[in-house]
Amino acid sequence: MATTQEAPRSGTTLSLFTLVHALFLMIGSGGSLLLRVYFTHGGSRLWLSSFLQIAAWPLLLLPLSFSSKRLQLSLSIYLVFAFLGLLFALDCYLYAFASAFLPLSTSSLLISSQLAFTAVFAFLLVRQRFTPYSFNAVVLLTLGPVVLSMGAGSDRPEGESKGKYILGFAMAVAAAALAGLIFALMELAMRRGKVVRTYAAAMEMQLAMGIAGTVLCLIGMIINKDFQVIPREAREFGLGKMKYYMVLIWDAVFWQLVNIGLVGLVSGASSLFVAMMAALQLPLLEVLSVIFLREKFSGIKGISLILSLWGFVSYLYGEKKQSDKAKKAVQQELVPVA
């Protein structure tokens, strides 16, 4: 009688890895809230806002210094992720532009469409397989922003022109599309570079992206003279000078948690999965926008939110069925053969 083989244990490690980074991503939702707080109380610098979304990468140096497996990536991988960092900085600028002119509840609904864009790019670049459930999720998450566009302008902030509102709308969709491309390119780079998916590797990749993206944002800030404007903005900030700087500091910290979560989830799972987890921030952001920013939640937003949540549930259910099917196949392989 043949002996029974031992089941692999990598799944437990992967689940813990995924859970930790998903938690970072959800906690980082505070970054979107604070970014909107910055704009609603008098802030106006777009490159500064982009800088905040990417510049807290030095926080990675402490945990990385304790890793025994640091600097394991090849130079080519560092260069690829530095290039992706430049694209990410551009994506941060597009998101900052959208946050400046759109309510948080609206921009978060539009950004959630990144799942649809990620699915398309993942299919083209990494041959992501689709199930009926994931396809259904993509369709529903595409319909969400379409429905939202039907009521465009109904929640336009007071004193803001229609042109800026529409431009912010377009920038949010562009940010979602670029994010989808970046997620897929990250996964492609990891596959082609045969990156060993460890905590240290995830931090090093995020470090390369952070340094390159920060340089681009700093150049933008210098050209637009953001450094000269910051003291005046602080004095005129609606919540006071001290809270102005606290908003900037904590916004950067929250966004760094988001960045760690994004890279970690792409490393530990897939680009489509990270887009799904990022989109799962939507219900939380909708609640935060109503509680802290007193934003109106219209019927159009409600329909769009329902479609988006329906898409999330469809995707998660499909993933669960695929996982159960894979486990069943493994169990059948492990059955002793007489």
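For the numbers below, each heavy atom of this structure counts, side chains included, while hydrogens, waters and symmetry mates do not.
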Q | Test item: Asp226 side-chain N/O and Leu48 main-chain N/O as donor-acceptor pair under 3.5 Å | A | yes
**Q.** Joint cluster assignment, Met246 & Ile27, ILVMFWY side-chain distance < 4.5 Å
**A.** yes
Q. Between CD1 of Ile249 and CG of Leu52, what distance do you get to the nearest 0.5 Å?
A. 10.0 Å
Q) Linking I/L/V/M/F/W/Y whenever any side-chain heavy atoms sit under 4.5 Å apart, do Ile166 and Phe97 land together? A) no
Q: May I ask you to decide if Lys241's main-chain N or O and Arg235's side chain share a donor-acceptor pair within less than 3.5 Å?
A: no
Q: Classify the ring geometry between Tyr95 and Trp255 as parallel (under 30°), tilted (30 to 60°) or perpendicular (over 60°).
A: perpendicular
Q. Can you hop from Val229 to Trp47 via hydrophobic side chains spaced under 4.5 Å?
A. no
Q. How is the hydrophobic cluster of Leu75 composed, in terms of its other members, when Ile, Leu, Val, Met, Phe, Trp and Tyr link through side-chain heavy atoms under 4.5 Å apart, directly or indirectly?
A. Leu79
Q) What is the ring orientation for His21 with Phe24, classed by angle as parallel under 30°, tilted 30 to 60°, or perpendicular over 60°? A) perpendicular
Q) Any sub-3.5 Å donor-acceptor pair from Asn259's side-chain atoms to Gln53's backbone N or O? A) yes
(Q) Test your reading of the model: is there a side-chain donor-acceptor pair from Arg36 to the backbone of Leu102, 3.5 Å cut-off? (A) yes
Q. Where the side chain of Asp251 meets the backbone of Val247, is there a donor-acceptor pair that is under 3.5 Å apart?
A. no
**Q.** Working for side-chain hydrogen bond (donor to acceptor under 3.5 Å, both in side chains), residues Tyr244 and Glu236
**A.** CA-CA 9 Å; Tyr244 173 84; Glu236 299 173 355; over 6 Å; no
(Q) If we ignore hydrogens and angles and just use 3.5 Å, is the side chain of Glu233 paired with the main-chain N or O of Ser44 as donor and acceptor? (A) yes
Q | Under 3.5 Å donor-acceptor, Arg191 side chain and Val126 backbone | A | yes
Q) Would Phe183 end up clustered with Val173 when hydrophobic side chains under 4.5 Å apart are linked, directly or stepwise? A) yes
